[in-house]
Amino acid sequence: MKKRLIILYWLLLLVPTFVIGVFAFQLLRHEQERIDQEVRFSARDRARAIAETLQVTVAAVEDGLTEALCRIHGNRLTETLLEWEKSNPLLRNVFVWKPKAGLQYPVPGASTTSEERRFNARYDALFSGRVPWRSAGAETANAGPSDTLVSEQPSLVRDIKKLKTGRQRLVSLAKGEGGSYKKRNMEAEEGSCKAGGWIPWFEENRLFILGWVQRKPNGLIYGVEIELMTLLSRLVTDFPATAPKGMVYALLDGSGQILHQAGNSALESGLRPDLTVPLAPYLPHWQVAVYFVDGRLAAVSGKGFIILSGLLLSIFIIAIILGGSLLTWQAHRNMADARQKTSFVSNVSHELKTPLTSIRMYAELLSEGRIKDPGKKKHYLQVIVDESQRLTRLVNNVLDFSRLEQGRKKYHLEELELTGYLHEITELHRLRVQEAGLVLEVQIPEEKILILTDRDAIEQVVLNLIDNAIKYAADGGELLIALKVLNGKCEIRFMDRGQGVPPEHQSRIFKKFHRVDDTLTAQQPGSGLGLSIARRLLRDIDGDLLYEPRDSGGSCFVVLVPCRSDHES
Ligand code: ADP
């Protein structure tokens with residue numbers, strides 16, 4: 001194939017492959033982004049739903065407490081509040097505050113418990129009047145955590161929450177907290193409160209929630225501080241029990257600490273959540289967070305995705321390149337085969353031409369009657385016979401080759417006495433070998449060796465090997481044919497003292513058409529078929545043909561044919 005054609009072929013193969021690869025990569029990436037996006041959206045929706053449920057719960061608890069506060073009636077306000085605080089784990093502290101007069105309970109200075117002292121200190125700004133109760137509601141929930149008030153819940157949100165289902169249940173739960181809550185103290189009608197609200201308050205970054213109501217007639221303000229741990233235990237029941245595989249839903253406080261989580265995976269401390277939904281204004285700075293763990297998103301998207309796509313693309317490109325290389329290799333092989341066949345045709349024609357020229361020349365001389373010497377006449381006739389035999393061998397080889405190639409070669413197995421048969425053939429060709437300048441030595445044991453084989457195949461092999469010795473080792477001066485029986489195989493060695501076969505050709509001389517010198521100007525004519533045919537014939541009858549370089553120079557061809565082991569020598 002021409003170089004330009006090969007380049008064009010590769011370009012035609014690689015350019016579309018590359019374009020398809022890039023498109024496939026882009027498509028995969030878009031698809032992945034879309035899936036990622038959808039996973040994120042659904043996780044965000046779920047987190048929002050959880051956050052809403054938690055907010056409804058907090059709102060309902062707060063509403064319940066407000067309602068209960070408004071129902072407290074009579075003079076025993078402080079005592080009722082204290083009784084309620086004792087019996088209701090939702091209450092952390094209670095207080096009573098009078099406009100102008102200030103805090104009535106816990107009485108500043110006279111407070112008995114350290115918790116009450118801390119309570120007073122915490123809300124000092126409120127109780128001392130520095131921050132008016134009303135303006136507490138004007139602040140926004142998003143103000144950063146500080147030792148100050150944050151907000152009341154906006155009434156709009158509260159109204160919406162009121163519509164949510166489950167509110168009534170939660171309200172009654174809040175009211176009924178602790179059986180000792182005295183119903184007679186709540187005799188007052190609903191409308192006895194003038195104002196009220198809930199104030200999320202931060203102290204040292206910790207959230208506290210204070211609820212207050214104001215009585216209608218005297219403007220007295222009283223209320224409760226919520227115990228957040230108890231509230232949390234309520235919120236936990238609203239949290240989903242499980243999370244989808246590879247995800248964790250968590251409830252985070254203002255400092256990012258995980259208060260509760262759904263999903264089995266352990267989260268490393270300090271791990272940033274992938275999504276967050278704030279719980280403001282009810283629980284400012286608290287968040288519902290979503291974590292994608294076990295590399296669920298990360299593995300498929302980002303690095304993981306790039307690696308996967310890269311791998312797929314590489315496999316695709318490698319497959320194309322391998323396929324292309326295979327095709328190119330096949331094309332080269334076909335070209336080499338075609339070249340070999342052309343050179344085979346020229347070699348065979350050349351080989352046919354030599355004996356034909358001799359036969360014609362001597363036959364013409366004899367037919368013209370110019371040769372009178374009977375000795376010469378006999379010699380010319382012998383040349384004609386020899387050359388026509390050479391032609392027969394050559395034609396036989398070509399015919400055998402075509403039969404073998406087409407799988408039409410038939411074998412006739414028969415019992416053969418090998419030693420006698422070898423003697424017979426070698427004697428038949430002794431003269432020819434000697435005329436080539438070789439001394440033929442035959443080392444064959446006396447005993448008879450019977451083998452089951454194809455007589456013609458053995459003859460063809462022996463003739464090919466003798467012919468080769470004559471062609472390529474005439475200058476070596478000897479041809480030794482030796483027979484031995486080893487391990488159930490008869491081993492016939494054809495040893496000469498010629499040039500031998502160069503190491504790089506030793507395995508290739510058995511391939512069809514292969515010649516060490518395959519030029520038309522080669523010293524010896526040949527078709528490159530003799531050895532390949534000989535090996536194929538032998539292998540077909542369970543034998544083999546091998547080459548071994550001979551010690552001190554020359555070639556040794558080893559013919560192996562199966563024989564009975566009792567002939568072992
Ligand atoms: P051909 O003789 O027609 O070329 P063969 O298949 O018989 O084909 O031989 C293949 C090649 O092996 C020969 O071309 C020759 O180079 C090499 N060869 C075969 N026999 C001998 C030998 N006895 N000594 C050296 N080279 C040999």
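Atoms within a ligand are numbered from 1 in the order they appear, just like the ligands themselves. All heavy atoms count here, side chains included; hydrogens, waters and symmetry mates do not.
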Going by an N to O cut-off under 4.0 Å, is there a salt bridge joining [X] and [Y]?
| X | Y | value |
| --- | --- | --- |
| Glu435 | Arg432 | no |
| Glu52 | Arg48 | no |
| Glu33 | Arg40 | no |
| Glu478 | Arg550 | yes |
| Arg393 | Asp467 | yes |

Going by heavy atoms, is [X] under 4.0 Å from ligand 1?
| X | answer |
| --- | --- |
| Ala473 | no |
| Ser555 | yes |
| Phe557 | yes |
| Gln524 | no |
| Asn464 | no |

Distance col, row Leu251:CG vs Leu279:CG, nearest 0.5 angstrom, shows 6.5 Å

Output for pair (Arg493 CZ, Ser555 OG), nearest 0.5 Å, gives 12.5 Å

Distance to 0.1 Å, residue and atom name: give those for the protein heavy atom nearest to [atom].
| atom | answer |
| --- | --- |
| atom 4 (O) of ligand 1 | Arg515 NE, 2.4 Å |
| atom 3 (O) of ligand 1 | Ser527 N, 2.8 Å |
| atom 26 (N) of ligand 1 | Val501 CG2, 3.6 Å |
| atom 12 (O) of ligand 1 | Ile509 CG2, 3.3 Å |
| atom 19 (C) of ligand 1 | Asn468 ND2, 3.4 Å |
| atom 10 (C) of ligand 1 | His514 O, 3.4 Å |
| atom 23 (N) of ligand 1 | Asp496 OD2, 3.0 Å |
| atom 14 (O) of ligand 1 | Tyr472 OH, 3.3 Å |

Output yes when the distance from some N or O of ligand 1 to some N or O of [X] is under 3.5 Å, and no in every other case.
| X | answer |
| --- | --- |
| Ser532 | no |
| Pro525 | no |
| Gly530 | yes |
| Asp517 | no |

(request) Please assess Asp238 against Thr57 for the test side-chain hydrogen bond (donor to acceptor under 3.5 Å, both in side chains), listing each intermediate value before the final yes or no. (result) CA-CA 8 Å; Asp238 289 332; Thr57 304; 2.3 Å; yes

Is the backbone of [Y] close enough, under 3.5 Å, to the side chain of [X] for a donor and an acceptor to pair up by distance?
| X | Y | value |
| --- | --- | --- |
| Gln499 | Tyr472 | no |
| Asp454 | His412 | yes |
| Arg430 | Leu440 | yes |

Quiz prompt | Per atom 8 (O) of ligand 1, closest listed option by heavy atom (Gly528, Ala534, Pro502) | solution =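 Checking each option, the heavy atom nearest atom 8 (O) of ligand 1 is found in Gly528.
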
The residue among Asp386, Thr354, Ile384 that forms side-chain contact (heavy atoms from CB on, under 4.5 Å) with Ile359 is Ile384

[X] contact mode with ligand 1 (heavy-atom cut-off under 4.0 Å):
| X | result |
| --- | --- |
| Gln499 | neither |
| Leu465 | neither |
| Phe510 | neither |

Ring centres under 6.0 Å, that's the criterion: do Phe316 and Phe25 meet it?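 No, ring centres 6.0 Å or more apart.
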
message = Checking Ala47 now: which residues fulfil side chain to side chain contact (heavy atoms under 4.5 Å, CB included) with it, not counting sequence neighbours?
response =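 Partners of Ala47 under the side chain to side chain contact (heavy atoms under 4.5 Å, CB included) test: Val277, Val288, Val290.
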
* **For Gly500, the ligand 1 atoms whose distance to one of its heavy atoms is below 4.0 Å** =>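 Checking each atom against Gly500, I get 25 (C).
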
Lys471 neighbourhood, listing ligand 1 atoms whose heavy-atom distance to it stays under 4.0 Å
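Within the 4.0 Å cut-off of Lys471, ligand 1 contributes 1 (P), 2 (O), 3 (O).
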
